[in-house]
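The structure appears below as structure tokens.
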Amino acid sequence: MAHIAFIGLGNMGGPMAGNLVKAGHQVSGFDLSPAAIEAAQARGVSIAESAAAAVGQADVVVTMLPSGRHVLGALTGENGLLSKAPAGTLFIDSSTIDVASARAFHEAAQKAGHKSVDAPVSGGVGGAEAATLTFMAGGADADFAGARPYLELMGKKIVHCGGAGAGQAAKICNNMILGISMIAVSEAFVLGEKLGLSHQALFDVASTSSGQCWSLNTYCPVPGPVPTSPANRDYVPGFAAALMLKDLRLSQDAAGEAGAATPLGAAATELYTRFAESGHEGTDFSGIVRWLRENKGE
Ligand code: NAD
């Protein structure tokens, strides 16, 4: 049994911490939100008085926070958690954050004498509940080896992508594909409608031909062909447009810094910005098909 501190017990962190409790670990958690604290307590997480108190005895610290600013704000600086944990603590950051902040996290953790792994996830709240998340990890081999047994309690597929920040890099590249491909599939359905094609006919052809992809085959943006997709429940997320936009913006920040040309990534970011800002932040990201149908993307 390890002492694990879990900082950020929100929609994802709460159930992830709960899975560590189920595996028999002593989990001491902290969050700023009373509702998140209450829900985590119901999952068997002991709530510490402060984040610093949570990490005081920790072997492992997991952070699951909104953005790079929150992660560096909690961990670094004079009163940051890196200075409150016992020497040699393993820090795992599973938040989705920008690559530059992820690298800064590793640098600060190593400088403070700790082990560090960036390990963002895909699989959403359902995957967090069912412990079927995919973890994309970055960090030194030895640090990743130390993190793997804990990641396996919260996820099904664990991929070591490379050194510091490589997990975040893989995450935003994957999600840039996702944003672009959802728009591509949605545009094809809108064009098909204008050409008199039924949704089912286009699905039957494209899902078994060269147009096949996750956005079509698993998460079809029109109702009918894939009964489990959010299109069948009025685009209740699922994966909200605001989160898609967050990840696309991270991809464009990284592309700018790295000097990579991503013209379709830029176009997808622009379309999701306009979609989200027209009152659809909380709509599933596949709902962009309705918006495109109304020529809002013009
Ligand atoms: P959330 O907003 O539900 O949870 C974040 C929690 O962090 C909140 O409860 C907030 O109170 C807490 N928090 C903020 N600052 C804090 C601090 N200094 N100390 C302690 N707690 C603090 O968000 P979420 O959906 O759980 O997402 C967490 C991360 O996972 C994000 O980076 C998100 O992009 C990523 N992610 C989310 C999903 C998803 O489907 N929700 C999927 C993959 C990745």
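Just follow the structure's listing: the first ligand is 1, and inside any ligand the first atom is 1.
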(request) For atom 2 (O) of ligand 1, find the nearest protein heavy atom and state the residue, atom name and distance (0.1 Å precision). (result) Pro66 CG, 4.8 Å

(request) Tell me which protein heavy atom sits closest to atom 4 (O) of ligand 1, plus the residue, atom name and distance to 0.1 Å. (result) Gly10 CA, 3.4 Å

(request) With atom 36 (N) of ligand 1 as the reference point, say which of Val125, Leu243, Leu9, Thr96 has the nearest heavy atom. (result) Thr96

(request) Check the side chains of Gln252 and Thr262 for a donor-acceptor pair under 3.5 angstrom, ignoring hydrogens and angles. (result) yes

(message) Taking salt bridge (Lys or Arg N to Asp or Glu O under 4.0 Å) as the definition, give me every residue that meets it alongside Glu107, ordered by chain and number, with sequence neighbours left out.
(response) none

(message) So if I count the atoms of ligand 1 from 1 in the order they appear, which ones are less than 4.0 Å from some heavy atom of Ile7?
(response) 19 (N), 20 (C)

(request) For atom 43 (C) of ligand 1, find the nearest protein heavy atom and state the residue, atom name and distance (0.1 Å precision). (result) Val121 O, 3.6 Å

(request) Could you pull out, from Asn11, Leu75, Asp31, Leu32, the option with a heavy atom nearest to atom 10 (C) of ligand 1? (result) Asp31

(request) May I ask you to identify the nearest protein heavy atom to atom 37 (C) of ligand 1, giving residue, atom name and distance to one decimal place in Å? (result) Met12 CG, 3.6 Å

(request) Please assess Glu294 against Arg290 for the test salt bridge (charged side-chain N to carboxylate O under 4.0 Å, His left out), listing each intermediate value before the final yes or no. (result) CA-CA 6 Å; Glu294 293 159 15; Arg290 280 201 302 209; 5.8 Å; no

(message) Do Asn217 and Ser207 pair up side chain to side chain, a donor and an acceptor below 3.5 Å, judged on atom types alone?
(response) no

(request) Output the list of atoms in ligand 1 that are nearer than 4.0 Å to some heavy atom of Ser95, sorted by atom number. (result) 32 (O)

(message) So does Ile37 get a backbone contact from the side chain of Asp31, meaning a donor-acceptor N/O pair under 3.5 Å?
(response) no

(message) Could you tell me if Gln110 and Ser116 have a donor-acceptor pair between their side chains, going purely by distance under 3.5 Å?
(response) yes

(request) Considering only non-hydrogen protein atoms, determine which one is nearest to atom 40 (O) of ligand 1 and report residue, atom name and distance to 0.1 Å. (result) Gly124 CA, 3.6 Å

(message) Return the closest protein heavy atom for atom 29 (C) of ligand 1 as residue, atom name and distance.
(response) Leu65 O, 3.5 Å

(request) Would you check if the side chain of Asp284 reaches a backbone N or O of Val236 as a donor-acceptor pair within less than 3.5 Å? (result) no

(message) Below 4.0 angstrom, counting only protein heavy atoms, does anything approach atom 23 (O) of ligand 1?
(response) no

(request) Using a cut-off of 6.0 Å, state whether more than 12 heavy atoms not belonging to Glu38 lie near its atom CD. (result) no

(request) Provide, to 0.1 Å, the distance between atom 30 (O) of ligand 1 and the closest protein heavy atom, together with that atom's residue and name. (result) Met64 CE, 3.1 Å

(message) With a 4.5 Å cut-off on side-chain heavy atoms, are Thr273 and Arg249 touching?
(response) yes

(request) Check ligand 1 against Ser33 and write out every atom of the ligand that is under 4.0 Å from a heavy-atom position of the residue. (result) 11 (O)

(request) List the closest protein heavy-atom neighbour of atom 34 (O) of ligand 1: residue, atom name, distance to the nearest 0.1 Å. (result) Lys246 NZ, 2.8 Å

